[in-house]
Amino acid sequence: QAMSTKTIYGLLIFLLYPAILFGQEVRLDSTFGIGGKVAFHFGNAYSYARDVLIQHEGKIVVGGYTISANNSDFSILRLLTNGQIDSSFATNGYGLSNSQFDGNDYGFSFTQLSDSSFILTGASQTTPSRPSSGVVRYDTSGVQKMFVNFNVGPLADSTFKAVVLPNGNILIGGWDG
């Protein structure tokens, strides 16, 4: 049986690995985007997709960061199941989040919460010389509800993954160094 894949940015390598491991034939899903692929940019900036979240209704949320002339911001966008940008999400399908410090912000990893809202974790530069951990919470329609910066140790911090514990607390992993 052939495995159908959908490609968003550089995710093909991750989608191909199980097919290679299990010896399945791989074909791109031609009903998704253009020839099974979707490419996007936030204006004239460089955009980096770092994680993908499938919402309960099957819509695809892509998160990462966007680098413009002098700044980088957490960025999100949502695709419909056919690969088209969902204009009802955030602002015309896209969302940018910048910390209160107006420094460089880098989104790395999504976690969906029990109410179907989600968080994007990463790094946020709170001072010119010291990045801190950054966590942004969005509602299901991509509206930013919270942006939190924090430092754990004396050095630069960054968060890379979060999980929701059975009691509803959120465990966030990263580094200080």
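Here the structure is a predicted model, which is why all the values come from computation and not from measurement.
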- Query: Would you call Tyr65 and Phe74 a side-chain contact if the rule is heavy atoms closer than 4.5 Å?
  - Reply: no

- Can you find a pair of side-chain heavy atoms, one from Ile119 and one from Leu113, that are under 4.5 Å apart? yes

- Please name the pair of heavy atoms, one in Val136 and one in Ser97, separated by the smallest distance, quoted to 0.1 Å. CG1-OG, 3.8 Å

- Item | Shortest non-hydrogen separation from Asn92 to Ile85 and the atoms involved | O-CG2, 3.8 Å

- Query: Thinking salt bridges, do Asp115 and Arg137 make one under a 4.0 Å N-O criterion?
  - Reply: yes

- Message: Walk me through whether Ile172 and Val135 qualify under side-chain contact (heavy atoms from CB on, under 4.5 Å).
- Response: CA-CA 9 Å; Ile172 298 174; Val135 178; 3.7 Å; yes

- For Val61, does its backbone N or O pair with a side-chain atom of Gln55 as donor and acceptor, under 3.5 Å? no

- Query: So, Thr66 versus Tyr94: side-chain donor-acceptor pair below 3.5 Å or not?
  - Reply: no

- Item | Considering all heavy atoms, the nearest Ser124-Asp105 contact | OG-OD1, 2.5 Å

- Taking the side chain from Asp51 and the backbone from Phe110, do they hold a donor-acceptor pair closer than 3.5 Å? yes

- Quick one: closest heavy-atom pair of Asp73 and Asn71, and the distance? OD1-ND2, 3.4 Å

- Message: With a 4.5 Å cut-off on side-chain heavy atoms, are Ser75 and Tyr48 touching?
- Response: no

- Item | Any side-chain heavy-atom pair of Ser109 and Phe160 under 4.5 Å | no

- Message: Tell me whether Leu77 shares a hydrophobic cluster with Ile54, the cluster being built from Ile, Leu, Val, Met, Phe, Trp, Tyr side chains joined at under 4.5 Å.
- Response: yes

- Task: With the side chain counted from C-beta on, respond yes when Phe89 and Leu79 share a heavy-atom pair under 4.5 Å apart, and no when they do not.
- Result: no

- For Gly107 and Arg50, which heavy atoms make the closest approach, and how far apart are they? O-CG, 3.3 Å

- Task: Would you indicate whether Leu165, at its atom CG, is surrounded by more than 12 heavy atoms from other residues, nucleotides or ligands within a distance under 6.0 Å?
- Result: yes

- Got Arg78 and Ser88 here, is their nearest side-chain heavy-atom distance under 4.5 Å? yes

- On a heavy-atom basis, the closest approach of Gln112 and Val164 is O-CG2, 3.8 Å

- Message: Measuring only between side-chain heavy atoms, which start at C-beta, is Ile60 closer than 4.5 Å to Thr81?
- Response: no

- Task: State, without any angle test, whether Ser141 and Asp139 hold a side-chain donor-acceptor pair at a distance under 3.5 Å.
- Result: yes

- Counting N and O atoms only, with roles assigned by atom type, does the side chain of Asn104 sit under 3.5 Å from a partner on the main chain of Ser72, one being a donor and the other an acceptor? yes

- Side-chain contact, heavy-atom cut-off 4.5 Å: Ile76 with Val62? no

- Just by modelled atom types, is the Gly122 backbone N or O under 3.5 Å from a matching donor or acceptor in the Thr159 side chain? yes

- Message: Membership question, hydrophobic clusters at under 4.5 Å side-chain separation (ILVMFWY): are Leu80 and Phe32 in the same one?
- Response: no

- Task: Report whether Tyr46 and Tyr106 are members of the same hydrophobic cluster (ILVMFWY, side-chain heavy atoms less than 4.5 Å apart, transitive linking).
- Result: yes

- Query: Is Asp29 reaching over with its side chain to a backbone N or O of Thr31, donor-acceptor style, under 3.5 angstrom?
  - Reply: yes

